[in-house]
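Take a look at the structure below.
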Amino acid sequence: MSAIRTRFAPSPTGYLHIGGARTALFAWLFAKSQNGDCLLRIEDTDKERSKDEYTAEIIESFKWLGVEFDNEVVYQSNNSDRYSEIIDQLLDQGSAYICKGEDPETDKEYRDQNLPRDNKTVVRFKMPEEGNTVYEDIVKGQIEVANEQLDDFIIERSDGSATYNLCVVVDDLDSNISHVIRGDDHVNNTFKQINVFKALNKNIPTYGHVPMILGEDGKRLSKRHGALGVREYAGLGILPEALKNYLLRLGWSMGNDEIFTGEDMKKNFQSGILNKSPAIFSMDKLLWFNKYYLDQMSIDQLMDVIKLKDFDGSEYSKTVIETVRDRCSTLNEFITDTDYFFKDPEDYEPSLLLKHCKDNTFNHLSLLKGQLESLEIWEQTHIKEVIDRVVLDLEIGFGKIGLPLRIALTSRVNSPSIDLVCEILGKEITLRRLEKFLTKIQNLKTDQ
RNA sequence: GGCCCGUUCGUCUAGUGGUUAGGACAUCUGGUUUUCAUCCAGGCAACAGGAGUUCGAUUCUCCUACGGGCUACCA
């Protein structure tokens, strides 16, 4: 009888950012953990700022995140007749009044005057003038405000359209919302909405206000400090599971546990607790979660989500992924850190050459190249033996020859073990790159 | 300014009227690694301040400070 039903109600005036995504996750989990439904409602009554493309982006973002809403998406723009109906009812029963839309205090004079409606007037809701409005918040506990603090707020604009605080109540009513889980920027609206429910003589839903997310500098999250859209995290190479897990842990906890997969979340959400205070976003920790989920994936799964032409399912591409996976904490790093496995370095950082190629580097590398050419079994251990021997013979440190070799083959100073890289690349490609590199640094020397 | 809410390591947090205040991320130090990363071991680090209540408060109450939110014919 009292089925759990929640909703997430964004206004399509921008992309879905992580704060909204987290609020939605909590509303969704609250319902799903109790066999309930969670609806998506697009609050597009602000015709100026609402855009269809944002609606599409929001829906896409949730699809990616793996948050699936129930029933049809509700668009407030479709419900204007219904809002007018309720406003008329409120007017008829004396719970609202027509006024000139000046400041709330002067408008109050029209409370009982029955002004004629025209295209200049607005409709205000009559707030109780005495007593308190109190409610029990699921996350914050009891919250109370004196009614004298509350203004008679506008429910119908001069153009005849209904405003937010009225639409919300009507839609929550019509959708049979049992629990309103939303951001705590709405606590003050709750007092207004509760009084509308009362005027309508309807049951008031249970409210739960989750605190906001703050940027890394502790300030309100905005585009300037890291309030990226959900889709942008996807672009950064973050896995949806990781973002979801991180967002959950930002404000929700169950003992000392950190890892919660999609199923774990639903199963345990009721056993955990929601924090009352705002939390600061940390990219470092998100990345840690991302690495964790990356580690759980098989090579085939990785190949599937990376979506790079070079990762074609061949043994070679699998080997590449296997050898670099420890050093990657985002999907994108699999792409940017493996290019040298698929094509010869085109150019080298001049500063790199300058720093690591000294006078005798050419001779050292030439010697090494000669030794590698005559190596019959092209395997890591044998390649390592060759390098070790050359290092020993020349009485130099490994870095004197290993680093230039790494640069020659990969064009960078960090890579997996260079002997392993040689093996994976194969003898032919290794020698080819070495040859090209030798020519390069020889010219470099004659240029000087 | 008014109103509402909040405050445990740098960050996310666990926890209790009596605890060596726990974990995770970050950081630092070792070990592994010829580089980087991974991995392993260890270290540093917190109850905002002041009054009460109490035999005893991080935990309960009040005040202050600080932080966040709201204060639209936006949502």
Side-chain angles (χ1 to χ4, degrees), chain A residues 9-14 42-50 76 99-104 120-124 137 139-141 143-146 148-151 153-165 167-168 182-192 209 211-214 216 218-221 246 248-259 272-273 275-289 291-292 295 324-329 333 337 356 384 387-388 391 397-403 405-407 410 412-419:
Chain A
S11 58
T13 54
I42 302 296
E43 309 216 322
D44 53 356
T45 53
D46 184 343
K47 292 164 201 133
E48 304 287 300
R49 300 195 302 148
S50 298
Q76 286 193 325
C99 59
K100 296 192 171 170
E102 291 157 356
D103 70 86
K120 285 267 177 55
T121 59
V122 301
V123 178
R124 283 190 190 271
D137 194 286
V139 347
K140 307 234 181 206
I143 301 183
E144 181 171 357
V145 74
E148 58 180 346
Q149 296 293 333
L150 274 17
D151 283 336
F153 60 99
I154 293 176
I155 56 178
E156 186 184 276
R157 303 185 183 93
S158 48
D159 68 359
S161 63
T163 62
Y164 170 73
N165 282 114
C167 300
V168 169
R182 65 200 342 180
D184 72 1
D185 48 338
H186 284 292
V187 284
N188 289 290
N189 288 326
T190 307
F191 303 118
K192 299 177 186 171
H209 288 94
M212 313 261 82
I213 299 179
L214 271 28
E216 308 226 28
K219 290 273 161 36
R220 182 184 173 59
L221 203 56
Y246 174 66
L248 174 75
R249 284 289 293 106
L250 208 52
W252 179 90
S253 61
M254 190 181 76
N256 283 330
D257 296 346
E258 294 284 350
I259 302 297
I273 44 175
N275 230 77
K276 297 179 184 184
S277 44
I280 294 174
F281 180 84
S282 162
M283 192 64 191
D284 281 337
K285 191 141 188 188
L286 206 212
L287 252 15
W288 178 80
F289 274 107
K291 177 93 179 90
Y292 173 84
D295 286 347
V324 301
R325 66 180 303 167
D326 275 349
R327 47 211 314 125
C328 297
S329 62
E333 284 167 354
D337 292 358
H356 298 290
K384 178 172 163 40
I387 299 174
D388 285 346
V391 165
F398 176 88
K400 289 273 192 297
I401 194 163
L403 221 39
L405 176 61
R406 172 170 288 122
I407 293 170
T410 71
R412 62 195 77 199
V413 283
N414 298 321
S415 80
S417 286
I418 198 60
D419 42 17

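Protein chains get the first letters and strands the later ones, always in sequence-line order, with residue 1 at the start of each. Model, not experiment: these values are computed from the prediction.
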For [X], which contact category applies under a 4.0 Å heavy-atom criterion: base, sugar-phosphate, or nothing?
{"X": "A:Glu43", "result": "sugar-phosphate"}
{"X": "A:Pro416", "result": "base"}
{"X": "A:Asp419", "result": "base"}
{"X": "A:Gly397", "result": "nothing"}
{"X": "A:Leu403", "result": "nothing"}
{"X": "A:Thr13", "result": "nothing"}
{"X": "A:Val145", "result": "sugar-phosphate"}
{"X": "A:Gly101", "result": "base"}
{"X": "A:Ser253", "result": "sugar-phosphate"}

Under 3.5 Å, is there a donor-acceptor pair between the side chain of [X] and the main chain of [Y]?
{"X": "A:Asp137", "Y": "A:His209", "answer": "yes"}
{"X": "A:Arg249", "Y": "A:Asp257", "answer": "yes"}
{"X": "A:Thr163", "Y": "A:Ile154", "answer": "yes"}

Problem set entry | Residue closer to the 5' end of RNA chain B, A:Arg406 versus A:Ala279 (nearest nucleotide) |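 Nearest-nucleotide comparison on RNA chain B picks A:Ala279.
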
Exercise. If each of A:Glu156 and A:Cys328 is mapped to the nucleotide of RNA chain B with the nearest heavy atom, which maps nearer the 5' terminus, i.e. the 5' end?
Worked result: A:Cys328

Can you tell me how far [atom1] in [N] sits from the matching atom in [M], rounded to whole Å?
{"N": "B:A57", "M": "B:U8", "atom1": "C1'", "answer": "14 Å"}
{"N": "B:A24", "M": "B:C44", "atom1": "P", "answer": "14 Å"}
{"N": "B:G22", "M": "B:G15", "atom1": "P", "answer": "14 Å"}
{"N": "B:C62", "M": "B:A21", "atom1": "P", "answer": "27 Å"}
{"N": "B:G52", "M": "B:U59", "atom1": "P", "answer": "14 Å"}
{"N": "B:C66", "M": "B:C47", "atom1": "C1'", "answer": "16 Å"}
{"N": "B:C63", "M": "B:C4", "atom1": "P", "answer": "11 Å"}
{"N": "B:G42", "M": "B:U32", "atom1": "C1'", "answer": "15 Å"}

Roughly, in whole Å, what's the span from [atom1] in [X] to [atom2] in [N]?
{"X": "A:Ile280", "N": "B:C9", "atom1": "CD1", "atom2": "P", "answer": "11 Å"}
{"X": "A:Arg412", "N": "B:U35", "atom1": "CZ", "atom2": "P", "answer": "18 Å"}
{"X": "A:Tyr164", "N": "B:C73", "atom1": "OH", "atom2": "P", "answer": "15 Å"}
{"X": "A:Arg249", "N": "B:C12", "atom1": "CZ", "atom2": "P", "answer": "11 Å"}
{"X": "A:Asp257", "N": "B:A24", "atom1": "CG", "atom2": "C1'", "answer": "11 Å"}
{"X": "A:Gln149", "N": "B:U71", "atom1": "CD", "atom2": "C1'", "answer": "10 Å"}
{"X": "A:Asn165", "N": "B:A75", "atom1": "CG", "atom2": "C1'", "answer": "9 Å"}
{"X": "A:Arg182", "N": "B:C70", "atom1": "CZ", "atom2": "P", "answer": "13 Å"}

May I ask which nucleotide in the shown strands pairs with [N], Watson-Crick or G-U wobble, both distances under 3.5 Å?
{"N": "B:A48", "answer": "B:U64"}
{"N": "B:U32", "answer": "none"}
{"N": "B:C9", "answer": "none"}
{"N": "B:U20", "answer": "none"}
{"N": "B:U53", "answer": "none"}
{"N": "B:C3", "answer": "B:G69"}

For this session: Look at A:Glu333 together with A:Lys291 and state whether they make a salt bridge at an N to O cut-off of under 4.0 Å.
Result: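 A salt bridge is absent here (no side-chain N lies under 4.0 Å from a carboxylate O).
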
[X] [atom1] to [Y] [atom2] distance, which is reported to the nearest 0.5 Å:
{"X": "A:Leu250", "Y": "A:Ile213", "atom1": "CG", "atom2": "CD1", "result": "5.0 Å"}
{"X": "A:Asp151", "Y": "A:Asp103", "atom1": "CG", "atom2": "CG", "result": "9.0 Å"}
{"X": "A:Ser158", "Y": "A:Lys100", "atom1": "OG", "atom2": "NZ", "result": "14.0 Å"}
{"X": "A:Lys192", "Y": "A:Tyr164", "atom1": "NZ", "atom2": "OH", "result": "9.5 Å"}

Exercise. A:Arg412 and A:Asn414: which non-hydrogen atoms are nearest, and at how many Å?
Worked result: CG-O, 3.2 Å

Exercise. Should we count CD of A:Glu48 as having more than 12 external heavy atoms under 6.0 Å?
Worked result: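 Result for CD/A:Glu48: open.
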
Atom pairs under 3.5 Å: protein N/O with N/O of nucleotides 60-69 of chain B:
{"unit_1": "B:G69", "atom_1": "OP1", "unit_2": "A:Arg220", "atom_2": "NE", "d": "3.3"}
{"unit_1": "B:G69", "atom_1": "OP1", "unit_2": "A:Arg220", "atom_2": "NH1", "d": "3.0"}
{"unit_1": "B:G69", "atom_1": "N2", "unit_2": "A:Asn188", "atom_2": "ND2", "d": "3.1"}

Which nucleotide in the set [options] lies at the smallest distance from any side-chain heavy atom of [X]?
{"X": "A:Asn189", "options": "B:C3, B:A75, B:A14", "result": "B:A75"}
{"X": "A:Asn414", "options": "B:U13, B:U35, B:A75", "result": "B:U35"}
{"X": "A:Ile143", "options": "B:C4, B:G6, B:C12", "result": "B:C4"}
{"X": "A:Ile273", "options": "B:G15, B:C12, B:G22", "result": "B:G15"}

Review item, nucleotides 25-29 of chain B N/O atoms under 3.5 Å of protein N/O:
{"unit_1": "B:C25", "atom_1": "OP1", "unit_2": "A:Trp288", "atom_2": "NE1", "d": "3.0"}

For this session: Report yes if at least one side-chain N or O of A:Ser329 is closer than 4.0 Å to OP1 or OP2 of B:A37; otherwise report no.
Result: no

For this session: Ignoring backbone atoms, establish whether A:Thr163 has a side-chain N or O less than 4.0 Å from OP1 or OP2 of B:C73.
Result: no

Problem set entry | By side-chain contact (heavy atoms from CB on, under 4.5 Å) - contacts of A:Lys400 (at least two apart) |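 So A:Lys400 forms a side-chain contact (heavy atoms from CB on, under 4.5 Å) with A:Ile396.
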
Exercise. Among all residues two or more places apart in sequence or in another chain, which pass the ring pair (Phe, Tyr, Trp, His ring centres under 6.0 Å) test with A:His356?
Worked result: none

For this session: With the side chain counted from C-beta on, respond yes when A:Glu43 and A:Cys167 share a heavy-atom pair under 4.5 Å apart, and no when they do not.
Result: no

For this session: Indicate whether the side chain of A:Asp284 and that of A:Ser282 have a donor and an acceptor atom separated by less than 3.5 Å.
Result: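 Their side chains do not contain a donor-acceptor pair, so the 3.5 Å distance test is not met.
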
For this session: Apply side chain to side chain donor-acceptor pair (under 3.5 Å) to A:Asp185 and list each qualifying residue two or more places apart in sequence or on a separate chain.
Result: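 Once residues adjacent in sequence are excluded, A:Asp185 has no partner under the side chain to side chain donor-acceptor pair (under 3.5 Å) criterion.
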
Problem set entry | Nucleic acid footprint by protein, nucleotides 38-47 of chain B - heavy-atom cut-off 4.0 Å, B for base, S for sugar-phosphate alone | S---------

For this session: Show your working on side-chain contact (heavy atoms from CB on, under 4.5 Å) between A:Asp184 and A:Val139 and close with a plain yes or no.
Result: CA-CA 10 Å; A:Asp184 72 1; A:Val139 347; over 6 Å; no

